[in-house]
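As the structure lists them, so they are numbered: ligands from 1, and atoms in each ligand from 1.
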Amino acid sequence: MRMLALAALLANGCLLSGSMATASDVTLKVAVQKPAHAISPRLVGVFFEDINFGADGGLSAELVKNGSFEFPRSLMGWSTVEPGATKGDVRVTEKDPAFSANPHYLRLATTESNRAPGVANEGFRGIGVRAGERYLFSTQARANGSTPGTLRVSLVAPDGKTLATAKVTGIGPEWSEHAAVLTPSATTAKAQLVLNATVPGNLDLDLVSLCPEETWKNRPHGLRNDLVQKLADLKPAFLRFPGGCIVEGSQLDRRYQWKTTIGDRAERKLIINRWNYEFAHRPTPDYFQSFGLGFFEYFQLAEDIGAEPLPILNCGMACQFNSGELVPLDELGPYIQDALDLIEFANGPATSPWGAKRAAMGHPEPFGMKLLGVGNEQWDQQYFDRYALFAKVLKERHPEIELVSGAGPFPADAHFKFAWPLLRALKADIVDEHCYAMPDWFLRSATRYDDYDRDGPKVFMGEYAAQSIDIVSPDNRNNLRCALAEAAFMTGLERNSDVVVMSSYAPLFAHEEAWQWRPNLIWFDNLTTYATPEYYVQQLFSLNRGDVVLPLELNDSRPPRPAAGRIGLATNGASAEFADLRVTRDGQTVFDGGMIADLAEMTTFRGNWQTKNGVIRQANERDTARAHFGDTKWQDYTLSLKARKLAGRQGFGVIVRNSDGGSYIQWNLGNGNKQHTLEAHLATHSVDDTTVARADGVLETNRWYDLKVELNGSHVRCYVDGKLVHDVDIPQPNLPRLFAAGSRELGSGQLILKIVNPTDEPTSVAFDLAGLEKVSPAAQAIVLAGGPEDENSLDHPDKVVPRESTVAIDGPQFEHTFAPNSMTVLRLDTN
Ligand code: AHR
């Protein structure tokens, strides 16, 4: 029997929206004296990937971009400064370099006539500096003039004002390190670092670096304090690194190779970041991995924040969303050896070859790694063939290491279904599932693991996030609606933590001006950072986990919600125009498309949408695009409009019943130019078949069609030119409206209840702490609440934050009302 008996006693009827539930509507019984299984101590961790400038320009405190001049465009990030400098005075060369792994360096050639040629580094969308703080400049340098070389180093504000300056003197003819300290007089997020050679001769520079003196644990070239603090405050059980897709690389020679990321910084070899161009929401041509933050630093970071390290290694496959390049099975040896060597690097004695490298970096003690990932989100037989070879060797040589294997990018598609039986047969330890979907998917999936096989491999919900628009939409938001959908889902993870032993939200970090993916858990600019509502949900679960699950019985007798939702337009491989949009109900017009004067009134996904004189056009003939608008509370309406295809191979579509949580019905006309299909989308991005009805039908280009969709309860009727084409019943997904998890913390003896109310209604719940005779009259309540669209930002970092209070508890049977759009943690003393 599952731990939560979700007895949804839902009667038929009509909800008066906004009505408050009474105590008798929702009851929650907690089997306080009948604890179930232990909660996995690894349940809530973090997933780090160098995406969105998460490492270079983010966690790494290094402020200079391309300080080693190894970017393929070797002066990327740098510009020449100082009047008098001419071409040739500033160039990148590689003759007789300082470091063979980083052969390129900068040469500033100074003559009497071109006094002080120089360069400016732009940093990562600027260099963030604070007044009065110390910034440590260093460079490898050599000079071949008649007098020793001299370098002027300055921090310059966007208005041209010099904020700090220092002089490096005595630069000789051999490469050596030189340093200076800069203390800016003002704070700015957008300074530049300017370097000028000031005496005649050639001045060569390499590994130019500027770092704040104050870093996490004040390590030189360390990590950004404020960002690590955000991680530490989550108290994550594990740190997964270094990704994500960057583990795979867009092609094999761009994969992440941990051995080139350790040791002396000068020996670490720069590569292009997988998020530089391909498949990025927003391409970032200056995105490279310099590995200032490499595998040693990841292990060290995990240790610092009390998290178990979980490295993921390439399994001989490049990203299947990109080239999908494969290493032949009989050439996998070096990849498997990399895994064996990594185990030695992390856990071997300081006397072992790889353990010695760790010791040389300042950590003679082993890192105590117990988890290792083989491949990221790979799919198909080719993955399992490779995984099996890794597992055979690793299990023989290191049975103490638990292996994490992948189940593909989606939580229920064909790849996923193909993967699980194989992983079971392979006796996989922990299977990494991924899910990016819209909020409704998360609400619906709170029970996903209730029926998972308890005897098979364990699950790591390794990447997930609720997205307000769609998986690749740059318009996705980190709002409270998404956070609460995740919270609802997490009640299911906690309740099932005998099988779901680990979980992590993804991605973790994003630079406000340099991201490729949204949403993300933590945002930052060059000076500050803020946490999202999603972050606080993770934190509430992590800090209030409890040790054992308490079974719950939740009864919600409120009538189900009526079928309702917004309207929308779509194109599918065609450009099209839409006119005379009208929504009527009981003969009254509730919406007139002529009122859409401006695209801001629509939520669009892909496509080139335009609007003029009441006609809405999607002008890109190759795009699959959508535009949503109207009111999510609309029910029982008729949508009528005219539509015509302008160009393209397929057709257009009409959307109805689009909920806030991302579910909708889409009527596609002219599929393959031979069919009309009616699809029920359930807020997932998987390629599951969503078709509920089909009919023959073609679309002529440039011909206007009269379309009509009638909604009556769950009934949907679609007409083309007055002719009925589909007539079907599509029940509204009956999503739960309250979610709960119960646990006990063994140390404190406290009872912990997590209640998620993702609706707009305050909800009163009658609790029964079954088996208890007494409970302390005051409980601690921690509440995350607000409007569903509320977000935090750099300017308003505290708009949605958990707030603590004390609430009165009448006894083991008590009532409590939960705010609309809220997550509440109640901690009760029962001793
Ligand atoms: O988290 C962003 C990306 O999503 C990861 O790199 C990849 O594993 C997934 O597809």
Answer yes or no: is there an ion pair linking D432 with R240, defined by an N-O contact shorter than 4.0 Å?
yes
Going by the salt bridge (charged side-chain N to carboxylate O under 4.0 Å, His left out) test, which pairs reach into residues 506-516, not counting sequence neighbours?
K190-E513
Between E789 and R481, does any NZ, NE, NH1 or NH2 come within less than 4.0 Å of an OD or OE carboxylate oxygen?
yes
As a check for students: among Q320, E463, E377, identify the option with a heavy atom nearest to atom 3 (C) of ligand 1.
E463
Ligand 1-proximal atoms of N376, by part, heavy-atom distance under 4.0 Å
side chain
Who's closest to atom 1 (O) of ligand 1 heavy-atom-wise, of F321, W275, Y436?
Y436
Check this for me, if you would: do E297 and R268 make a salt bridge, where the nitrogen-to-carboxylate-oxygen distance has to be below 4.0 angstrom?
yes
Flag F47 as yes when one of its N or O atoms lies below 3.5 Å from any N or O atom of ligand 1, and as no otherwise.
no
Identify whether the distance between the nearest side-chain nitrogen and carboxylate oxygen of E402 and R42 falls below 4.0 Å.
yes
Atom 6 (O) of ligand 1 - nearest protein heavy atom and its distance
E49 OE1, 2.5 Å
Under 4.0 Å from one or more heavy atoms of P507, ligand 1 contributes atoms 1 (O), 2 (C)
